[in-house]
Amino acid sequence: MCHKIFLAIGIGLFLLAAGLPAQDPAPAPAPRLPNVVVILADDLGYGELGCYGQEKIATPNLDRLATQGMRFTRHYAGAPVCAPSRCVLMSGRSLPHARIRGNKEFKPEGQHPMGGDVVTVAELMRSRGYATGGMGKWGLGPPGTDSDPVGQGFDLFFGYNCQRQAHNFYPEHLWLNREKFPLDNPSFRPHQKLAEAPEDWSRFRGNQYAPDLMIEAALGFVRRHADRPFFLYLPLVEPHLAMQPPQSWVDRYPKEWDEAPYLGGRGYLHPRPRAGYAAMISHLDDHVGRVVGLIDELGLGPDTLVLFTSDNGPTHDVGGVDTTFFRSAGDLRGRKGSVYEGGLRVPTIARWTGRVAPGTVTDHVSGFQDLMPTLGELCGYEVPAGGQGLSYLPTLLGRKEQPKHAFLHWEFPEYGGQIAVIEGRWKAIWAGLKTKRPKAVQLYDLETDPAESTNVADAHPDIVARLKTIAREDREPNEVFPVPLPE
């Protein structure tokens, strides 16, 4: 049995190193279209990169990427948690129109399916002759359904299908397209509580570290398709819990940061939680550096648009994470699961050597739904009807005719039920909509109060009324993820 498992691992790694797809992609078009690499961090906060003001965590590769390209200061995630945010990114439909609006389990492994009728960015890129690869965390449909990555336009997928499985960076298996890919890792739970610190923490580690395997697969995919257009989607798993970074990265941070080990009082474990959390972000940064470094080594920088962002704001102070210590959301209010700015505004960097001006910063208001039309304008596919996105390619290329959103809108069923609408300088929030006592409407002037510290709803009833109309009318009913509307 062990021989068969290791044989499967060896064969699988050979295929991944070669970057071989499970099905032949469509013929490459001529002339060559630009490559596109979309890198999605998991729970990375607005303030957790040096180029966004972080002072404790080293992120040299992402900081360099910002100096080589454009940094966004007003880019918004599709939702404040994983699955719906990814649905918005892939489908081009904002949260009140998206098929997935919250995290919902699908047994035995996976999340509620997005639906094979939903057209994704990967399908559209493939229609233009792109080789399409995805390595990381999916979370939009169980293995073998029309909502898994293969059913949604990816020639090659390697990683976690299920978000719950991704809470362990030493899993017993990953997925190679629609086949289980066994790993040489023991079965253990990283999410538990201990009465006392163990003498040996190694029992909470395995032999094969999933983030490293997925990056190797991504590098193989780039090498394989260096001579033709490719679309590479990297929904990486760091710095989402569990906190399991390689020890060599933990050792780079001061021991005095952590007075005592974290024994899982609020889930998960780590002997040095602050150092461990910083290590996960630095290791993520290293992965980005390896991918971008290979693109440059192969001379593909002028042919490749690299986009880096995060699926939502930083996690709560759970699992040993101390977001106050790191100022993980910068000066913004809120964390993951919240429609305040700290839960939705995410670090975003774009680099395209020779096309995106280096060292530039934009305050253009954009969101995940804009990826599909942006790549449509760039790569020449027709954007399906029904989306709410606007191309930000003019901003990337320094043009003046950039269209602007009339508003951005989120309808989120979790954490009590929340709705947020941004129109110009104004942002309205309705919270607790699924509770017996919904909170009074909040209105913030983001131009003077980006930290959302002063509720000015009472002073502007006309603005509240206008944003409430948007909240009630700009939506499609969704029985799986219902949210009561503001009265």
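Numbers here simply count residues along the sequence, with the first being 1.
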- [ ] Identify the heavy atoms of Asp63 and Leu49 that sit nearest to each other, and give their distance.
- [x] OD1-C, 4.2 Å

Open item on the list: If only side-chain N and O atoms count, and only distance matters, is there a donor-acceptor pair under 3.5 Å linking Ser366 with Asp370?
Closed with: no

Open item on the list: Looking at Phe231, I'd like to know if the NZ or CZ of Arg126 sits under 6.0 Å from its six-membered ring centre while staying within 45 degrees of the ring's axis.
Closed with: no

- [ ] Assess whether atom CD of Glu401 is packed by more than 12 heavy atoms of other residues, nucleotides or ligands within 6.0 Å.
- [x] yes

TODO: Nearest 0.5 Å please: distance from the CZ atom of Phe157 over to the CZ atom of Arg178.
DONE: 12.0 Å

Task: Residue pair Pro190 / Ala242: nearest heavy atoms and the distance that separates them - done: CB-CB, 3.8 Å

Open item on the list: Could you check whether Glu377 pairs with Arg399 (Lys NZ or Arg NE/NH1/NH2 to Asp/Glu carboxylate O, under 4.0 Å)?
Closed with: yes

Open item on the list: With side-chain contact (heavy atoms from CB on, under 4.5 Å) as the criterion, how do Asp311 and Cys82 come out once you've worked through the C-alpha distance, each side chain's angles and the decisive distance to 0.1 Å?
Closed with: CA-CA 6 Å; Asp311 64 344; Cys82 295; 3.4 Å; yes

- [ ] Examine the side chains of Asp445 and Thr448 and answer whether a donor and an acceptor come within less than 3.5 Å of each other.
- [x] yes

Open item on the list: Can you tell me how far apart CG (Asp155) and OG1 (Thr132) are? Round to the nearest 0.5 Å.
Closed with: 3.5 Å

Task: NZ/NE/NH1/NH2 to OD/OE distance under 4.0 Å, Glu109 and Arg164 - done: no

Task: Side-chain donor or acceptor of Ser85 paired with backbone N/O of Gly78 under 3.5 Å - done: yes

Open item on the list: Hydrogens and angles aside, do His97 and Asn478 bring a side-chain donor and acceptor to less than 3.5 Å of each other?
Closed with: no

TODO: Using a strict 4.0 Å threshold on nitrogen-to-oxygen distance, state whether Arg99 and Asp117 make a salt bridge.
DONE: yes

Open item on the list: Any side-chain to backbone donor/acceptor pair from Gln152 onto Gly115? Under 3.5 Å, distance only.
Closed with: yes

Task: Glu476 with Arg93: basic N within carboxylate O range, under 4.0 Å - done: yes

Open item on the list: What verdict does the side-chain contact (heavy atoms from CB on, under 4.5 Å) test give for Gln442 and Tyr340, after you've listed the backbone C-alpha separation in whole Å, the side-chain angles of each residue and the deciding distance to 0.1 Å?
Closed with: CA-CA 10 Å; Gln442 303 164 60; Tyr340 289 114; 2.5 Å; yes

- [ ] Determine yes or no for a side-chain-to-main-chain donor-acceptor pair under 3.5 angstrom, with Asn103 supplying the side chain and Ala83 the backbone.
- [x] yes

Open item on the list: Rounded to the nearest 0.5 Å, what separates atom NE2 in His287 from atom CG in Leu62?
Closed with: 12.0 Å

TODO: Could you tell me whether a side-chain N or O of Ser310 sits under 3.5 Å from a main-chain N or O of Val346, the two making a donor and an acceptor?
DONE: no

TODO: Run the ring-centre check on Tyr268 versus His191 and record whether the distance is less than 6.0 Å.
DONE: yes

Task: Approximate separation, where rounding is to 0.5 Å, of Ile422 CD1 and Arg345 CZ - done: 7.5 Å

Open item on the list: Testing the 3.5 Å rule here: is there a donor-acceptor pair between the side chains of Thr348 and Thr309?
Closed with: yes

Open item on the list: Regarding Ser94 and Gln369, do their side chains bring together a donor and an acceptor under 3.5 Å, going by distance alone?
Closed with: no

TODO: Please step through side-chain contact (heavy atoms from CB on, under 4.5 Å) for the pair Leu467 and Leu443, ending with a clear verdict.
DONE: CA-CA 10 Å; Leu467 300 191; Leu443 182 70; 4.0 Å; yes

Open item on the list: Using every non-hydrogen atom in the two residues, find where Val88 and Leu95 come nearest and quote the distance to one decimal.
Closed with: CG2-N, 3.8 Å

TODO: Flag the pair Asp363 and Arg74 as a salt bridge only when some basic side-chain nitrogen lies within less than 4.0 angstrom of an acidic carboxylate oxygen.
DONE: no

Task: Residue pairs passing the ring pair (Phe, Tyr, Trp, His ring centres under 6.0 Å) test where at least one lies in residues 417-474, sequence neighbours excluded - done: Trp426-His460

- [ ] Would you check if there is a donor-acceptor pair between the side chains of Asp148 and Asn161 at a distance under 3.5 Å?
- [x] no

Task: Between OH on residue Tyr233 and CG on residue Leu89, distance to nearest 0.5 Å - done: 5.5 Å

- [ ] Step through it carefully: locate the ring centre of Tyr46, locate the ring centre of Tyr52, and say whether they are under 6.0 Å apart.
- [x] yes

TODO: Examine distances only and state if a side-chain atom of Ser282 and a backbone atom of Ala58 form a donor-acceptor pair shorter than 3.5 Å.
DONE: yes

TODO: Using a 4.5 Å cut-off on heavy atoms from C-beta on, say whether the side chain of Tyr130 contacts that of Pro34.
DONE: yes

Open item on the list: I'd like to know if the side chain of Thr59 reaches the main chain of Gly50, judged simply by a donor and an acceptor atom lying under 3.5 Å from each other, with no hydrogens or angles considered.
Closed with: yes

TODO: Return yes if some donor-acceptor pair links the side-chain N/O of Ser91 with the main-chain N/O of Cys87 below 3.5 Å, else return no.
DONE: yes

Open item on the list: Ignoring hydrogens, what is the shortest heavy-atom contact between Pro314 and Arg335? Give both atom names and the distance.
Closed with: O-CB, 3.4 Å

Open item on the list: Counting C-beta onward and ignoring hydrogens, is there a side-chain heavy-atom pair between Met114 and Thr120 closer than 4.5 Å?
Closed with: yes

TODO: Evaluate the criterion side-chain hydrogen bond (donor to acceptor under 3.5 Å, both in side chains) for residue pair Asp286 and Asn61; output intermediate values, then yes/no.
DONE: CA-CA 7 Å; Asp286 183 68; Asn61 295 293; 4.6 Å; no

Task: Under-4.0 Å salt bridge between Asp303 and Arg355 - done: no

Open item on the list: Nearest 0.5 Å, please: how far is NE2 in His167 from SG in Cys162?
Closed with: 8.0 Å

Open item on the list: For Arg351 and Asp296: C-alpha separation, side-chain torsions, deciding distance, then whether salt bridge (Lys or Arg N to Asp or Glu O under 4.0 Å) applies.
Closed with: CA-CA 12 Å; Arg351 191 199 79 162; Asp296 291 344; 2.7 Å; yes

- [ ] Return yes if some donor-acceptor pair links the side-chain N/O of Gln418 with the main-chain N/O of Gly337 below 3.5 Å, else return no.
- [x] yes

Open item on the list: Between Tyr415 and His316 (judged by ring centroids, cut-off 6.0 Å), do the two rings come close enough to count as a pair?
Closed with: yes

Open item on the list: Tell me whether Glu452 is salt-bridged to Arg333, with the criterion being a basic N under 4.0 Å from an acidic carboxylate O.
Closed with: no

TODO: Please check if the side chain of Thr469 supplies one atom and the backbone of Ala465 the other of a donor-acceptor pair under 3.5 Å.
DONE: yes

Open item on the list: Restricting to non-hydrogen atoms, name the atom on Pro142 and the atom on Gln111 that form the minimum distance, rounded to 0.1 Å.
Closed with: CD-O, 3.4 Å

TODO: Take the angle between the ring planes of Tyr277 and Phe326 and call it parallel below 30°, perpendicular above 60°, tilted in between.
DONE: tilted

Open item on the list: Parallel, tilted or perpendicular, judged at 30° and 60°: which one describes the rings of His75 and Phe72?
Closed with: perpendicular

Task: Any donor-acceptor N/O pair, Thr304 side chain to Val36 backbone, under 3.5 Å - done: no

Open item on the list: Testing the basics here: between Met135 and Leu236, what is the closest heavy-atom pair and its distance to 0.1 Å?
Closed with: O-CD2, 4.2 Å

- [ ] For the pair Asp42 and Arg86, find out whether any cationic side-chain nitrogen is under 4.0 Å from an anionic carboxylate oxygen.
- [x] yes

